[in-house]
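Below is one structure, written out as structure tokens; the observations come after it.
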Amino acid sequence: MPRLAILAVLAALLSISAAAPATEPPRLSILSPAEGAEVVLAPGPEGSVAVRVSVPGFLLRAAGACGGAPNCGHLHLKADFEGDSCNAPGRPYNSRNSDTGGDTILAHLGHCPVPTGRHSIGILLANDDHSTVLVDGRPVIATVTVVARRAP
């Protein structure tokens, strides 16, 4: 009988912990490319570079696909974020992955006046409705600087 009581207590504890909301705020880090890396632009006018991220405590989905789930959204990317010279035409950002979700977003360096050379890439974590995710009142961001070149 004591064994059944212990199993019942463990089952109750597991159900409580499984139902508890995540307490850790989301964190965003860039897995690749590495800081200072030389990257090759993809062929074509957008001259894209894939940026892969890690976001523990957050689910990356296409915009509108979170169904009200907490800690769920997508990424926005800004290249050379000090200004707007690298933004996609008519957009306040260079790229976003809100159409697909997932942990990879493309930096379209072909939108920049000079696609090759040194570029800063900033990734911003966005809620399902495109609003900025804030932790302690600050946006959740990660940055990396790369040196872009065209394929030979």
Side-chain angles (χ1 to χ4, degrees), residues 13-152:
L13 287 174
L14 286 173
S15 68
I16 291 169
S17 65
T23 57
E24 290 293 316
R27 298 180 322 271
L28 175 62
S29 61
I30 295 174
L31 300 176
S32 66
E35 180 64 30
E38 184 176 286
V39 296
V40 176
L41 299 174
E46 290 196 324
S48 300
V49 172
V51 180
R52 200 168 132 247
V53 301
S54 172
V55 194
F58 200 83
L59 185 60
L60 293 172
R61 294 280 188 250
C66 292
N71 290 336
C72 183
H74 55 275
L75 307 168
H76 289 180
L77 182 146
K78 194 152 171 94
D80 297 343
F81 41 89
E82 298 299 322
D84 294 331
S85 64
C86 292
N87 287 356
R91 302 287 185 181
Y93 46 78
N94 175 274
S95 181
R96 64 180 190 196
N97 77 340
S98 59
D99 295 335
T100 59
D103 66 353
T104 302
I105 185 170
L106 297 177
H108 301 300
L109 298 180
H111 293 312
C112 300
V114 180
T116 57
R118 185 174 182 211
H119 292 281
S120 298
I121 297 170
I123 309 285
L124 173 78
L125 196 56
N127 290 305
D128 198 33
D129 65 359
H130 296 282
S131 64
T132 301
V133 173
L134 300 175
V135 172
D136 295 329
R138 297 190 332 240
V140 178
I141 60 170
T143 62
V144 67
T145 300
V146 298
V147 179
R149 67 175 177 81
R150 297 220 182 261

**Prompt:** With side chains defined as the heavy atoms from C-beta onward, is the minimum distance between Leu134 and Pro139 less than 4.5 Å?
**Reply:** yes
Hits for ring pair (Phe, Tyr, Trp, His ring centres under 6.0 Å) against Tyr93, two or more places apart or cross-chain, chain-then-number order -> His76
Contacts of Arg118 meeting salt bridge (Lys or Arg N to Asp or Glu O under 4.0 Å) (sequence neighbours excluded), chain-then-number -> none
In terms of heavy-atom contacts, Gly102 and Asn97 come closest through O-ND2, 2.8 Å
Interatomic distance, CG@Asn94 vs CG@Asp84, rounded to 0.5 Å, equals 11.0 Å
For Val51 and Ala107, the nearest pair of non-hydrogen atoms, with its separation, is CG2-CB, 4.3 Å
Pro45 meets the side chain to side chain contact (heavy atoms under 4.5 Å, CB included) criterion, sequence neighbours left out, with none
Sorted by chain and number, sequence neighbours left out, ring pair (Phe, Tyr, Trp, His ring centres under 6.0 Å) with His108 holds for His111
Check residues 54-66 and write down every donor-acceptor pair under 3.5 Å in which the side-chain atom is one partner and the other belongs to a residue at least two apart or another chain.
none

Heavy-atom nearest pair, Pro92 first then Asn87, reads C-ND2, 3.5 Å
The side-chain hydrogen bond (donor to acceptor under 3.5 Å, both in side chains) partners of Asp128 (sequence neighbours excluded) come to none
The reported gap from CZ in Arg96 to CZ in Arg91 (rounded to nearest 0.5 angstrom) is 5.0 Å
Would you be so kind as to tabulate the donor-acceptor pairs closer than 3.5 Å made by side chains of residues 119-126, with sequence neighbours excluded?
| unit_1 | atom_1 | unit_2 | atom_2 | d |
| --- | --- | --- | --- | --- |
| His119 | ND1 | Asp80 | OD1 | 3.3 |
| His119 | ND1 | Asp80 | OD2 | 2.8 |
| His119 | NE2 | Val114 | O | 3.2 |
| His119 | NE2 | Pro115 | O | 2.8 |

For residues 28-56, the ring pair (Phe, Tyr, Trp, His ring centres under 6.0 Å) pairs (sequence neighbours left out) are none
Taking every heavy atom of Ala148 against every heavy atom of Leu41, the minimum-distance pair comes out as CB-CD2, 3.8 Å
Residues passing the side chain to side chain contact (heavy atoms under 4.5 Å, CB included) test with Ala50, sequence neighbours excluded, are Thr104, Leu106
By side-chain hydrogen bond (donor to acceptor under 3.5 Å, both in side chains), Asp136 pairs with (sequence neighbours left out) none
Would you give me the side-chain donor-acceptor pairs under 3.5 Å for residues 26-39, sequence neighbours excluded?
| unit_1 | atom_1 | unit_2 | atom_2 | d |
| --- | --- | --- | --- | --- |
| Glu35 | OE1 | Thr145 | N | 3.1 |
| Glu38 | OE2 | Arg149 | NE | 2.5 |

Residues 46-59 vs salt bridge (charged side-chain N to carboxylate O under 4.0 Å, His left out), sequence neighbours excluded, gives Arg52-Asp103
d(Lys78 NZ, Ile141 CD1) to nearest 0.5 Å is 12.5 Å
